[in-house]
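We use all heavy atoms of the structure for the numbers below, so side chains are in, but hydrogens, waters and symmetry mates are not. Numbering starts at 1 and runs along the sequence shown.
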Amino acid sequence: QVQLVESGGGLVQAGGSLRLSCAPSGRTLSLYGMGWFRQAPGKERKFVAAINWSGGNTYYGDPVKGRFTISRDTAKNTVYLQMNSLKPEDTAVYYCAAATSILRLQTGRGDYWGQGIQVTVSS
């Protein structure tokens, strides 16, 4: 059974930065695309970013383009989401996901999901 474990969330002031990490336990997902989603209170879960299995291609939702960067360290079997210039509207629970294709990630059809981690941006 694969579990994705997120870390790095917390409280930050607007304009600040945070880095989220996600690592699978149970097995390596080196051939899977990995991604991040977020869900604000009372809203639907939205796609944030994704990266393909090799790390050579990245994809971003419009609200985070130019501010967030997704990357993966295959040696550490870890995916990161560097979040800069944070805004109060970035406040949400962030979820890590893995899927066999980027299309599945972009359409919210992850094969594996993390439990979620809170990110709060104060104004």
Side-chain angles (χ1 to χ4, degrees):
Q1 182 72 19
V2 175
Q3 290 185 330
L4 300 179
V5 181
E6 301 108 334
S7 62
L11 173 65
V12 64
Q13 288 188 333
S17 299
L18 280 175
R19 189 177 78 159
L20 303 182
S21 301
C22 171
S25 64
R27 59 176 280 199
T28 299
L29 298 178
S30 58
L31 296 182
Y32 279 66
M34 302 289 292
W36 291 92
F37 292 76
R38 67 187 184 186
Q39 186 168 21
K43 296 188 177 180
E44 294 183 349
R45 187 165 57 190
K46 295 291 183 64
F47 170 77
V48 175
I51 189 167
N52 73 331
W53 68 273
S54 68
N57 293 295
T58 57
Y59 309 82
Y60 297 94
D62 287 341
V64 307
K65 285 180 179 176
R67 299 188 298 121
F68 290 12
T69 302
I70 188 170
S71 62
R72 68 191 300 168
D73 185 330
T74 54
K76 295 183 178 180
N77 201 27
T78 300
V79 173
Y80 304 98
L81 184 68
Q82 178 66 44
M83 304 185 294
N84 298 329
S85 301
L86 283 161
K87 305 174 182 180
E89 51 264 43
D90 293 319
T91 296
V93 176
Y94 283 70
Y95 296 89
C96 177
T100 53
S101 75
I102 291 296
L103 178 60
R104 287 180 62 84
L105 279 173
Q106 290 177 308
T107 54
R109 294 176 291 155
D111 297 302
Y112 303 104
W113 292 88
Q115 293 293 316
I117 191 164
Q118 179 70 44
V119 171
T120 302
V121 184
S122 63
S123 57

Asks: Who are the side-chain hydrogen bond (donor to acceptor under 3.5 Å, both in side chains) partners of Arg104, not counting sequence neighbours?
Replies: Asp111
Asks: Tell me whether Tyr80 is reachable from Val64 by hopping between hydrophobic residues (I, L, V, M, F, W, Y) whose side-chain heavy atoms are closer than 4.5 Å.
Replies: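 In one cluster: no.
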Asks: Minimum heavy-atom separation for Ala40 and Ala92, please, with both atom names.
Replies: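 Taking every non-hydrogen atom into account, N-CB, 3.8 Å.
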Asks: Under the ring-ring contact (aromatic ring centres under 6.0 Å, His included) test, which residues partner Tyr95, sequence neighbours left out?
Replies: none
Asks: Nearest 0.5 Å please: distance from the OG atom of Ser123 over to the NZ atom of Lys87.
Replies: 14.0 Å
Asks: Please confirm whether the backbone N or O of Gly116 pairs with a side-chain atom of Glu6, one donor and one acceptor, at under 3.5 Å?
Replies: yes
Asks: Shared ILVMFWY cluster between Leu81 and Ile102, side chains joined below 4.5 angstrom?
Replies: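 In one cluster with Leu81: Ile102, no.
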Asks: Examine Val2 and Ile117 and state if one hydrophobic cluster contains both, with Ile, Leu, Val, Met, Phe, Trp and Tyr joined whenever side-chain heavy atoms are less than 4.5 Å apart.
Replies: yes
Asks: Closest heavy-atom contact between Leu18 and Gly8?
Replies: CD2-O, 3.8 Å
Asks: Identify whether Trp113 and Trp53 are in the same connected component of the hydrophobic contact network (ILVMFWY, side-chain heavy atoms under 4.5 Å).
Replies: no
Asks: Which heavy atom in Tyr60 sits nearest to a heavy atom in Ala49, and how many Å separate them?
Replies: CD2-CB, 3.7 Å
Asks: Under a 3.5 Å distance rule, please check whether Arg67 uses its side chain to pair with a backbone N or O of Ser85 as donor and acceptor.
Replies: yes
Asks: Which pairs count as salt bridge (Lys or Arg N to Asp or Glu O under 4.0 Å) when at least one residue sits in residues 28-43, sequence neighbours excluded?
Replies: Arg38-Asp90
Asks: In sequence, state the C-alpha distance, the side-chain angles, and the governing distance for Met34 and Leu4, and then conclude on side chain to side chain contact (heavy atoms under 4.5 Å, CB included).
Replies: CA-CA 10 Å; Met34 302 289 292; Leu4 300 179; 4.3 Å; yes
Asks: Just by distance, do the side chain of Asn77 and the backbone of Thr28 share a donor-acceptor pair under 3.5 Å?
Replies: no
Asks: Heavy-atom count check: over 12 atoms from other residues, nucleotides or ligands less than 6.0 Å from Gln39 CD?
Replies: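 Count over threshold, so yes.
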Asks: Counting heavy atoms not belonging to Gln118, are there more than 12 under 6.0 Å from its CD?
Replies: yes
Asks: Please round to the nearest 0.5 Å and tell me the distance separating atom OG1 of Thr58 and atom CZ of Phe68.
Replies: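 One finds 14.0 Å between OG1 of Thr58 and CZ of Phe68.
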Asks: Not counting sequence neighbours, list each pair that qualifies as a salt bridge (Lys or Arg N to Asp or Glu O under 4.0 Å) and has a residue in residues 49-64.
Replies: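 Residue pairs with at least one partner in residues 49-64: Asp62-Lys65.
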Asks: For the side chain of Thr91 and the backbone of Val121, is there at least one donor-acceptor N/O pair under 3.5 Å apart?
Replies: yes
Asks: Rounded at 0.5 Å granularity, tell me how far CG in Asn52 sits from OG in Ser101.
Replies: 11.0 Å
Asks: Calculate, to the nearest 0.5 Å, the distance between atoms OG1 and CE belonging to Thr69 and Met83 respectively.
Replies: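 Here the interatomic distance stands at 11.0 Å.
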Asks: SG of Cys22 to CZ of Arg72: how many Å apart, nearest 0.5 Å?
Replies: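 Output value for this atom pair is 9.5 Å.
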Asks: Under the ring-ring contact (aromatic ring centres under 6.0 Å, His included) rule, collect the residues that match up with Tyr32, sequence neighbours excluded.
Replies: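 ring-ring contact (aromatic ring centres under 6.0 Å, His included) check on Tyr32 returns Tyr112.
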Asks: Would you check if the side chain of Arg45 reaches a backbone N or O of Val93 as a donor-acceptor pair within less than 3.5 Å?
Replies: no
Asks: Using the ring-ring contact (aromatic ring centres under 6.0 Å, His included) criterion, which residues pair with Phe47? Sequence neighbours excluded.
Replies: Phe37
Asks: Are Ile70 and Leu105 linked, directly or through other ILVMFWY residues, by side chains that come within less than 4.5 angstrom of each other?
Replies: no
